[in-house]
Structure formats: structure tokens, C-alpha cells
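Beneath this line is the structure, given in C-alpha cells, with notes to follow.
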Amino acid sequence: TGDTGQGARTWIKQILNQDMAFQHIKVIYPTAPARPYTPMKGAFSTVWFDRYKISNDCPEHIESIDSMCRGLTDVINDEIKNGIAKNRILIGGFSMGGGMAMHLAYRFHQDLAGVFALSSFLNKDSAVYQALKRNESVLPELFQCHGTADELVLYSWGEETNKMLKSLGVSTSLHTFPNLNHELSRTEIEKLKTWIVKKLPVEAAKTN
């Protein structure tokens with residue numbers, strides 16, 4: 001929370017000592033608009049949505065989540081207009097960004113290539129779970145990472161999210177990082193990069 005897309009890009013660059021770049025994949029770092037954020041006593045912050053509290057045991061602030069899903073759908077549609085196939089698009093994020101990505105993909109864009117969620121969680125009665133209970137189609141794969149020493153988003157919340165999604169038909173993996181707090185690690189980003197290339201391999205040259 002409170003960071004920008006450019007900030008996230010810089011953070012990853014510091015961890016890897018280089019940009020997270022791929023020759024055949026474009027990486028976009030969107031920034032959330034500033035809004036009053038309840039856990040910060042209503043102070044303005046660049047957050048993807050509001051929360052009543054930082055807990056997995058309260059209702060979701062669905063109005064702010066849905067308004068952001070509409071805005072991010074525009075970002076996805078712009079890429080499709082630019083000729084990117086929808087099954088060649090991955091979305092994900094850190095913390096709240098990962099929660100946002102799960103809402104966006106599993107409720108509104110079930111034909112994306114995949115989702116990654118780093119140090120993220122969904123609330124116990126999430127709208128995502130409700131949507132998946134009614135779902136029949138093949139869902140985007142989820143790549144999840146979480147540090148066991150996370151004091152802000154508890155590891156157990158991430159683990160519970162993973163189990164719930166798996167039980168609802170999502171193909172999931174959960175990578176556990178001992179002693180990692182609410183942060184990113186180099187090993188984690190390297191694993192993520194490997195997964196991204198596996199999900200979006202270089203396409204064979206098209207013959208005329």
C-alpha cells in the first residue's frame with residue numbers, strides 16, 4: 001500500500017540488480033489511484049481498494065474492489081486491442097496487488113494465462129470464492145509466494161487462500177519462504193520469472 005507502479009519496478013530492480021525484463025513479454029506496472037484508506041484512519045493512499053481492517057475475518061470493501069476491477073479491465077482491453085491474445089496475459093502483484101489480481105482474474109477474466117500473488121490473501125467469505133462456486137470453466141493457474149515471518153499479512157491467511165482456491169478448482173502452487181517478512185526476496189522473484197516464462201513461452205515463428 002502507498003507505493004506506485006514505478007516504485008514496485010524500482011524495488012524489483014534493486015532486488016535483482018536489473019530490471020525484470022523479457023525479450024518477448026511486455027511488463028506493465030500500473031499505479032492505483034489515491035483514495036482514503038480506512039486502516040490508515042482515512043488518510044489518502046495509493047491503494048487498490050479499501051479495507052475495513054487488515055484481517056481476513058471481515059467483509060470485503062466490494063464497492064472499491066469492483067470499481068478498480070473496471071479500471072484494470074481497461075488496461076487488459078488496451079493490450080488486447082494492441083494485438084495481445086488474452087491467453088498470453090498474466091496479472092499479479094504484491095500484497096494488495098495480488099488480492100486485486102485474484103479478484104480481477106477469477107471473477108471477471110477467467111481466460112487469462114495466469115495469476116501471481118506475493119504475500120497476498122483473500123478474506124474468508126471473498127466474492128472470489130462465491131464466483132468460483134458457480135464456475136465450470138478452466139481457470140488461470142495461481143502462483144503464490146508467502147514469507148512465514150510476515151507480520152502484516154499472516155502466512156496462515158495466504159495458506160488458507162491457497163487451499164480455498166485449490167478446493168474450488170484453481171490449479172495452485174504456494175511457495176513458502178522461511179524468515180521472510182512482508183517483503184520480496186531475490187529467490188522469490190527468480191522463481192516468479194521462471195514461472196512467467198513457462199506460462200508465456202516464446203511463440204514459434206508463424207509460417208505464412
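Taking both residues in full, the closest heavy atoms of A131 and R107 are given as CB-CG, 3.9 Å, listed atom of the first, atom of the second, then distance. Among all heavy-atom pairs drawn from I54 and W157, the shortest one is O-CH2, 3.5 Å.
Side-chain atoms of T161 and S120, non-hydrogen and from C-beta on, never get closer than 4.5 Å to each other. With contacts defined as side-chain heavy-atom distances shorter than 4.5 Å, the pair R51/S64 does not qualify. Side-chain contact check for Q110 versus L132: some heavy-atom pair is nearer than 4.5 Å. Within the 4.5 Å cutoff, the side chain of H109 has heavy atoms near those of the D111 side chain. The closest side-chain heavy-atom distance from E188 to L192 is not below 4.5 Å. For the pair W48 and L72, the minimum side-chain heavy-atom distance is below 4.5 Å. With contacts defined as side-chain heavy-atom distances shorter than 4.5 Å, the pair N162/S173 does not qualify.
E183 places a side-chain N or O within 3.5 Å of a backbone atom of N181 that can act as its donor or acceptor partner. Side-chain atoms of D150 come within 3.5 Å of backbone atoms of L152 as a donor-acceptor pair (strictly under, hydrogens ignored). Within the 3.5 Å criterion, the main-chain N or O of Y129 finds no donor-acceptor partner in the side chain of Y106.
In this structure, OG1 in T194 is found 11.0 Å from CD1 in I189, a value given to the nearest 0.5 Å. In this structure, D78 CG and I84 CD1 are separated by 11.5 Å, a value rounded to the nearest 0.5 Å. A distance of 4.0 Å separates CZ in F143 from NE2 in H175, rounded to the nearest 0.5 Å. Here the straight-line distance linking atom CG of N179 with atom OG1 of T148 works out to 5.5 Å at 0.5 Å rounding. Summarising the geometry, atom NE2 belonging to H61 is positioned 10.0 Å from atom OG belonging to S67; distances are rounded to the nearest 0.5 Å. One distance of note links CG of L154 with CD of E159; it measures 11.5 Å at 0.5 Å rounding.
Annotation for K86: atom NZ counts as buried by contact number, over 12 foreign heavy atoms lying within 6.0 Å.
A donor and an acceptor atom, one from each side chain of S126 and E60, are located under 3.5 Å apart.
There is a path of hydrophobic side-chain contacts, each under 4.5 Å, that joins V75 to L112. Both V27 and L90 are assigned to one and the same hydrophobic cluster, defined by single-linkage of ILVMFWY side chains at heavy-atom distances under 4.5 Å. Residue I15 is grouped with residue I196 when hydrophobic side chains (ILVMFWY) are merged at heavy-atom distances under 4.5 angstrom, including chains of intermediate members. L122 is not connected to L174 by any chain of hydrophobic side-chain contacts under 4.5 Å among Ile, Leu, Val, Met, Phe, Trp and Tyr, and they are in different clusters. Residues I76 and L200 are members of separate hydrophobic clusters, defined by side-chain heavy-atom contacts under 4.5 angstrom among Ile, Leu, Val, Met, Phe, Trp and Tyr.
Among L165, V170, I91, the single residue meeting the side chain to side chain contact (heavy atoms under 4.5 Å, CB included) criterion with M102 is L165. The only option from Y155, F121, F94, F116 that meets the ring-ring contact (aromatic ring centres under 6.0 Å, His included) definition with H146 turns out to be Y155.
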* How far apart are the C-alpha atoms of E160 and K124, what are their side-chain angles, what is the distance that settles it, and do they pass the salt bridge (charged side-chain N to carboxylate O under 4.0 Å, His left out) test? -> CA-CA 8 Å; E160 189 177 299; K124 282 183 189 297; 3.2 Å; yes

